[in-house]
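Following: one structure in structure tokens, then a few remarks.
Both ligands and their constituent atoms are indexed starting at 1 by order of listing. All values derive from a computational prediction rather than experimental measurement. We count residues from 1, following the sequence as given. All heavy atoms count here, side chains included; hydrogens, waters and symmetry mates do not.
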Amino acid sequence: MNLRLHNSLTRRVEDFVPQDPNRVTLYACGPTVYNYVHIGNARPAVVFALLARLLRRRYPGVVYARNITDVDDKINEAARQNGLPIQAITERYAAAYREDMARLGVDPPDVEPHVTTHIPQIVAMCERLIESGHAYAAENHVLFDVASYADYGHLSGRSVEDMIAGARVEVAPYKKNPADFVLWKPSGDDLPGWDSPWGRGRPGWHIECSAMSEAHLGETIDIHAGGVDLQFPHHENEIAQSTCAHGGKIFAHYWLHNGMLTLEGRKMSKSVGNTLVLHELLDLYPPEVLRFVLLKAHYRQPLDWSESALQQARATLDGWYGVLRDLAAVPAADAAVPAEFEAALFDDLNTPDAFATLAGLADAARRSAGSDQAATAKGRFAAAAGLIGLLQQDPEAWFKQTAGGAEVDAARVDTLIAERNAARAARDFARADAIRGELAAMNITIEDGAQGTRWRVGA
Ligand SMILES: [Zn+2]
């Protein structure tokens with residue numbers, strides 16, 4: 001079974017063929033660390049870490065790089081407002097990002113390059129672009145000469161004329177062409193800056209990914225990924241810089257783009273003011289519920305974030321964890337990931353099909369209870385869930401966590417349940433009902449069944 005991926009360059013789904021099966025390279029654009037990220041920023045991180053995981057099932061050497069943008073005008077502004085050096089801002093929010101990703105079950109990348117530790121590579125790439133006639137220095141800036149690269153606009157399907165017409169910013173007088181973009185810009189004494197042939201300055205945004213990708217993955221990489229909002233201008237500019245800096249060599253063979261998030265049907269953006277901060281959501285819902293919602297829709301489709309989607313995810317996970325809890329006494333057989341489940345993921349990460357298959361595996365495991373098929377059915381279900389990063393908790397712990405994923409005082413709940421059962425045995429039903437009420441006030445629901453009294457957080 002081949003991995004198939006939708007390639008934005010060709011606008012179709014293609015078989016993935018790496019340039020070197022022993023070293024498969026994947027680069028995804030990472031966060032700009034000036035604040036907590038919003039839930040939309042979590043989607044590419046979750047999706048492309050899953051892609052890296054799938055690649056590792058086929059290829060022995062996968063190098064996945066996801067950068068940290070730690071110099072940027074938004075960072076400068078956050079540092080100024082807080083009266084802090086930029087490192088204080090970037091270190092705080094890079095750490096928060098890693099922590100939030102870990103809570104979402106996102107595997108860390110193999111390489112996490114930071115822009116501020118790649119300034120010499122960025123300056124060198126600017127110099128090469130100037131020498132080869134693809135960039136020019138003007139008024140302490142370095143600009144990419146868009147007219148020097150005939151394929152500019154190929155990825156996004158835009159013409160240079162469209163881009164000039166759509167340019168929202170005022171055209172700077174030092175640009176030869178309004179579509180030319182900044183590779184390097186001057187920094188005043190109050191801003192972070194590095195010495196360069198063009199004076200003290202700092203990099204423009206796009207050049208960083210070209211330089212870091214080259215430094216860690218080589219001149220030509222297999223897959224470049226990011227949100228569809230980065231396709232233009234960011235990825236278009238990366239292609240122009242890298243291709244021209246490398247004498248026309250192709251930059252990335254496959255370009256993957258994830259769709260954007262909407263919130264209850266409306267575009268989610270900072271300018272609209274309806275973004276949801278991931279760090280806060282992680283305290284309101286079990287992180288696994290967020291992961292479920294982020295993966296359930298196909299990554300190329302828009303994803304509508306809503307309270308009902310979260311509730312449905314929670315209900316489905318309750319059902320699946322319930323299957324595992326019912327089979328707690330059955331050891332899971334050491335099973336391979338079912339072929340149908342893997343085939344869905346290898347078909348351009350078709351997670352809607354994969355989730356449907358997972359639901360079928362859950363049903364099969366549920367029906368197998370008490371039969372000699374139970375261990376195999378549980379093993380197959382667990383193997384599939386493991387590949388997609390779900391159902392990794394102890395099922396008992398799942399039902400005993402609060403909304404944000406923290407565990408409640410289980411010893412206290414167990415004591416109250418034991419007291420209630422003792423009261424029932426003594427036919428003191430008033431006392432038993434009173435304890436049930438006390439548990440309900442703690443948001444604990446109890447169920448009496450064949451396996452004794454079970455409890456869970458929530459209604
Ligand atoms: Zn990038």
*Could Arg66 and Asp110 be called an ion pair, given the rule that one side-chain N must be under 4.0 Å from one carboxylate O?*
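A salt bridge is absent here (no side-chain N lies under 4.0 Å from a carboxylate O).
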*For the atoms SG of Cys209 and SG of Cys29, give the angle they form at the Zn ion (ligand 1), rounded to 10 degrees.*
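It rounds to 130°.
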_Metal site the Zn ion (ligand 1): N/O/S of His206 inside 2.8 Å_ =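 It does not: His206 brings no N, O or S atom closer than 2.8 Å to the Zn ion (ligand 1).
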_Approximate separation, where rounding is to 0.5 Å, of Gln301 CD and Met260 CE_ =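 The CD atom of Gln301 sits 12.5 Å away from the CE atom of Met260.
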*Cationic tip of Arg325 within the cone over Phe399's six-membered ring, i.e. under 6.0 Å and within 45° of the normal?*
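Yes - Arg325 lies over the ring of Phe399, closer than 6.0 Å to its centre and within 45° of its axis.
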*asked:* Can you confirm if the NZ or CZ of Arg43 lies within 45° of the ring axis of Tyr299 and under 6.0 Å from the centre of its six-membered ring?
replied: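 No, cation not above the ring by the 6.0 Å, 45° rule.
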*What N/O/S atom of Glu238 is the closest to the Zn ion (ligand 1)?*
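Atom name of the closest N, O or S in Glu238: OE2.
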